[in-house]
Amino acid sequence: MTTENHRETEKECPAEGLLKLLSGKWKPQIFLLAVDGPLRFNGLLRDIKGANKQSIAVALRELEDFGLLDKNVIKLKPLHIEYTLSEKAKSLIPVFKQLELFSEK
């Protein structure tokens with residue numbers, strides 16, 4: 001490891017990656033809606049004003065890739081997919097509640 005790379009690593013905040021991930025378009029709204037229960041794609045399109053299919057699909061994929069959403073395929077006719085908060089994401093709920101309280105002060 002070079003000295004320059006070592007300095008860059010030291011400057012990074014541990015929470016920076018998570019904050020960047022959750023600051024993407026529609027992700028905070030998706031996370032908040034998922035706290036209340038399972039989500040479906042078309043439901044998100046209805047619930048999030050101004051969202052389009054592509055932006056919701058990208059946000060869902062990124063949240064799933066980071067391990068914050070679990071994708072569940074329901075094999076009933078018609079086939080549908082539900083997204084729920086993962087255990088990792090559920091551990092963030094108290095953090096967001098504290099941020100909410102802080103912003104109200």
Side-chain angles (χ1 to χ4, degrees):
M1 182 194 294
T2 66
T3 306
E4 190 174 311
N5 287 343
H6 183 65
R7 285 188 190 140
E8 287 177 21
T9 305
E10 287 177 8
K11 293 179 186 177
E12 293 177 12
C13 173
E16 185 176 357
L18 177 62
L19 291 173
K20 281 182 181 178
L21 173 79
L22 289 173
S23 67
K25 194 165 191 166
W26 311 124
K27 291 177 194 171
Q29 293 92 329
I30 291 171
F31 189 93
L32 181 62
L33 290 168
V35 169
D36 293 332
L39 305 172
R40 290 191 188 175
F41 188 84
N42 287 331
L44 289 171
L45 285 174
R46 280 190 306 273
D47 293 340
I48 301 176
K49 303 299 179 221
N52 61 47
K53 290 180 180 183
Q54 182 180 0
S55 61
I56 293 294
V58 168
L60 287 170
R61 190 176 325 112
E62 289 176 1
L63 289 167
E64 184 185 0
D65 288 347
F66 196 71
L68 296 179
L69 285 181
D70 291 329
K71 181 178 178 179
N72 305 308
V73 178
I74 311 297
K75 296 181 180 179
L76 298 175
K77 291 185 181 180
L79 183 77
H80 62 273
I81 297 171
E82 290 184 343
Y83 295 90
T84 56
L85 288 180
S86 67
E87 290 304 313
K88 181 179 179 180
K90 288 176 184 174
S91 71
L92 291 172
I93 293 172
V95 174
F96 284 104
K97 289 194 183 289
Q98 285 298 315
L99 290 172
E100 189 175 66
L101 289 172
F102 181 79
S103 69
E104 292 173 357
K105 291 184 181 184

**Message:** Can you pull out every salt bridge (Lys or Arg N to Asp or Glu O under 4.0 Å) where at least one residue sits in residues 22-49? Sequence neighbours excluded, please.
**Reply:** Lys27-Glu62, Arg40-Glu82
**Request:** Output all residues satisfying side-chain contact (heavy atoms from CB on, under 4.5 Å) with Leu79, sequence neighbours left out; order by chain, then residue number.
**Result:** Val73, Lys75
**Asked** What residues join Val58 in its hydrophobic cluster, counting side-chain heavy atom gaps under 4.5 Å, either direct or through other members?
**Response** none
**Message:** Once ring pair (Phe, Tyr, Trp, His ring centres under 6.0 Å) is applied, what residue pairs with a partner in residues 82-105 remain, sequence neighbours excluded?
**Reply:** Phe31-Phe96
**Residues which pass side chain to side chain donor-acceptor pair (under 3.5 Å) with Asn72, listed by chain and number, not counting sequence neighbours** = Thr84
**Message:** The criterion is side-chain contact (heavy atoms from CB on, under 4.5 Å); which residues satisfy it with Lys88, sequence neighbours excluded?
**Reply:** Phe66, Leu68, Ser86
**Request:** Tell me who clusters with Ile74, hydrophobic residues only, linked when side chains sit under 4.5 Å apart either directly or through other members.
**Result:** Leu76
**Message:** Going by side-chain contact (heavy atoms from CB on, under 4.5 Å), name the residues that satisfy it together with Gln98, two or more places apart in sequence or in a different chain.
**Reply:** Leu101
**Complete:** Contacts of Glu104 meeting salt bridge (Lys or Arg N to Asp or Glu O under 4.0 Å) (sequence neighbours excluded), chain-then-number -> none
**Prompt:** What residues, two or more places apart in sequence or in another chain, satisfy side chain to side chain donor-acceptor pair (under 3.5 Å) together with Glu16?
**Reply:** Lys20
**Prompt:** Can you list the residues that meet the side chain to side chain donor-acceptor pair (under 3.5 Å) rule with Ser55, with sequence neighbours excluded?
**Reply:** Trp26, Asn52
**Item:** SB check Arg61 Glu64 (cutoff 4.0 Å)
**Value:** no
